[in-house]
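As structure tokens, the structure follows; a few thoughts come after it.
So you know, we letter chains A, B, ... as the sequences are listed, proteins then strands, and number each from 1.
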Amino acid sequence: MSSTPDMTAGRRQPLHARRVEFVREKIDASACGVVEKPLTVWEKIYNIGALRKIFILLALAALWQAYALWLGKSLLFPSFSATVTAFWQGIESGELLQRAWHSISVLLMGYACGIALAALLTVAAISTRIGNDFLETMTAMLNPLPAIALLPVALIWFGLGSASLVFVLVHSVLWPVALNTHSGFLAVSNTLRMVGRNAGLEGARYVTAILIPAAFGSILTGLKIGWAFSWRTLIAAELVFGVSSSSGGLGWFIYVSKNDLEIANVFAGLFTVIVIGLFVENVIFRNIELRTVRRWGMQA
Amino acid sequence: MHERQPAQPAAGAADEPPLLEVSGVTLQYKTEDHLITATYRVDFRVFRSDRYILLGPSGCGKSTLLKAVGGYLSAVEGTIRLKGEAISRPGPDRMMVFQEFDQLLPWKTVKQNVMFTLVKSGRLKGKAAEERALHYIEKVNLTQFVDSYPHMLSGGMKQRVAIARAMAMEPDILLMDEPFAALDALTRRKMQDELLQLWDDTRFTVLFVTHSILEAINIGSCILLLSPHPGQVKAELNSSGIDEVDEASGLRLSDRIHKLLFSDQIEAQERTPHV
């Protein structure tokens, strides 16, 4: 405050004798030089995240191999090398790739439909109160319902074929994506909303220009969960109800291999499921994350 | 610092209609269990190129008043007119600068943030929008940060971007809601001087909310004092940018404001016996 408290100045004297005031010139600090020490080779290697993860994978593979050799029952637990051989043969013959592609194409169809429906529901939920109530009630009812439990109903309605699978996939994607997107929209800061309205944005333009990017972190989480749920649901559905032996997916491949007692092939099938999962998580989603929320400083 | 005269010889010259006219405005908002009257029958007029300050302690409804001018909430009674037209909703003719640092879109770079409103409001497109954005980014001295994302900037730099974004729209009136309140004292002082330099360049009209008496005197050409619970107009004072002694009262401007704002409290204190 500028009203200087002159009358109290006497009471605010320091307890000690007054210090001598001083002002200094800036001195040249360049002579000191930059002190730095390069990291050792080992520290540099340890700093690469991918290498650390590869090391863990190699250790696990070694453990697997050692245990399988010690057990010596290839029918119960084939060794890592046997699994890799079966995997390689499956790739070479084209069967595994074809099965995987079949699964993935059905999956993508369901995933896309699920996301489109989730988008419709969440936009309805943020624009109207009844839409909000509808989404809340539907997610509360249907989110806990395992998608696979709907398969018998789907088979009655749509028959044996991709349509039933797509139906259960939509169910497994829709609710987690809608739930996460909606809570992301609700968490958008009031200031950002006001900035959007200040620019004259309304309706769909407001949603695409403000809400979706501002809630992108939550949306991405929803997409990841939706992906994991749908992948799981698909393999499980194919295991239980192989669509038809000629055009079945990975789940069917695992099921048939088990019936033929080709246990290495069962493991190769599981291995493929894992590899695809790792690829989607660590390459696709990771890159989307790096290019969006990480770049924008919205996620550490 | 040189003195900044008002753009017109006398503020409120009769020949020019006011840019913004707030007359008899009562504002209310609801919380969980209360209906709160933020301001009661507030009147004031802002002319072109005014640096009009709303000053008052917390609870005087100054931010609510600014939001009403922004079109974010409507008055229970009274009217708010911009160029003679009643304000009904937010729009790019009144650009807001908020106190919060999160007013920048984190997914856009500095340049894209400044271009955002220009493009989304349909004011300018493509190259023209970019040129305008770069021009105002240069005015706030952030040219070397055009491609940075907001999370890489300091608080003061973020506020500069927000000011550039608002000014690039060349709005009828700039609405500033304590834009420097969250900054440290040294940065705040620097930003105030920069704002005045920008005003020297473009002579924009600004309605500025603050709770700092010194900031009001430094920035404002005209200061509206509001008293709290509910917010009512207490006084309207002119400021030359310097804390001068007023001849009539023999007091410095800051002391006059201090007295006007806190006179009720001082009286109340005097009535209570000293312990």
Side-chain angles (χ1 to χ4, degrees), chain A residues 1-9 11 126-127 129 180-181 184-223 285 287-300, chain B residues 66-67 70-73 89-109 112-113 115-123 148-153 158 162 165-166 169 171 174-175 177 212-214 217-218 242-243 251-259 262:
Chain A
M1 210 96 324
S2 72
S3 53
T4 45
D6 287 325
M7 61 262 193
T8 58
R11 274 184 264 148
I126 49 154
S127 356
R129 276 167 89 166
N180 274 283
T181 308
F185 282 176
L186 292 182
V188 174
S189 90
N190 207 23
T191 318
L192 279 184
R193 289 166 192 271
M194 285 167 88
V195 167
R197 290 175 60 205
N198 201 173
L201 293 175
E202 272 168 354
R205 294 179 68 220
Y206 174 72
V207 174
T208 49
I210 297 284
L211 291 185
I212 289 179
F216 202 72
S218 304
I219 295 176
L220 208 57
T221 310
L223 290 178
F285 279 119
N287 269 304
I288 295 176
E289 243 174 39
L290 282 178
R291 262 146 233 236
T292 56
V293 283
R294 299 243 172 158
R295 196 170 179 201
W296 306 336
M298 285 158 68
Q299 195 185 75
Chain B
L66 196 78
K67 291 209 170 79
Y72 294 107
L73 81 171
R89 55 180 173 153
D93 52 346
R94 289 148 284 144
M95 286 302 295
M96 287 278 273
V97 178
F98 300 89
Q99 178 184 338
E100 291 83 4
F101 293 153
D102 72 343
Q103 64 187 300
L104 300 182
L105 312 176
W107 58 93
K108 294 199 176 280
T109 61
Q112 290 165 344
N113 257 292
M115 285 170 66
F116 177 80
T117 335
L118 284 170
V119 173
K120 291 294 171 188
S121 65
R123 185 74 57 91
S148 302
Y149 283 91
H151 71 100
M152 304 164 174
L153 306 178
K158 285 181 194 166
R165 179 173 68 189
M169 285 298 288
L174 267 175
L175 307 176
D177 189 2
S212 156
I213 294 176
L214 288 182
I217 293 173
N218 191 22
I242 297 167
D243 194 4
L251 286 171
R252 295 205 313 192
L253 182 56
S254 59
D255 292 333
R256 271 174 77 202
I257 293 174
H258 200 265
K259 229 176 124 181
F262 299 109

Quick one: are A:Ile210 and B:Phe116 in side-chain contact, heavy atoms under 4.5 Å?
-> yes
Winner by heavy-atom pair count (cut-off under 4.5 Å) against chain A, out of B:Met152, B:Lys108, B:Gln99, B:Arg165 = B:Arg165
Could you please spell out the steps behind the side chain to side chain contact (heavy atoms under 4.5 Å, CB included) verdict for B:Phe98 and A:Asn190?
-> CA-CA 11 Å; B:Phe98 300 89; A:Asn190 207 23; over 6 Å; no
By number, which residues in residues 194-206 of chain A have some heavy atom less than 4.5 Å away from chain B?
-> A:Met194, A:Val195, A:Arg197, A:Asn198, A:Ala199, A:Gly200, A:Leu201, A:Glu202, A:Arg205
Sort B:Leu118 into side chain, backbone, both or neither according to what part of it lies under 4.5 angstrom from a heavy atom of chain A.
-> neither
Under a 4.5 Å heavy-atom cut-off, does chain A meet the side chain of B:Arg123, its backbone, both or neither?
-> neither
Under the side-chain contact (heavy atoms from CB on, under 4.5 Å) test, which residues partner A:Ser189, sequence neighbours left out?
-> A:Thr191, A:Leu192, B:Asp102
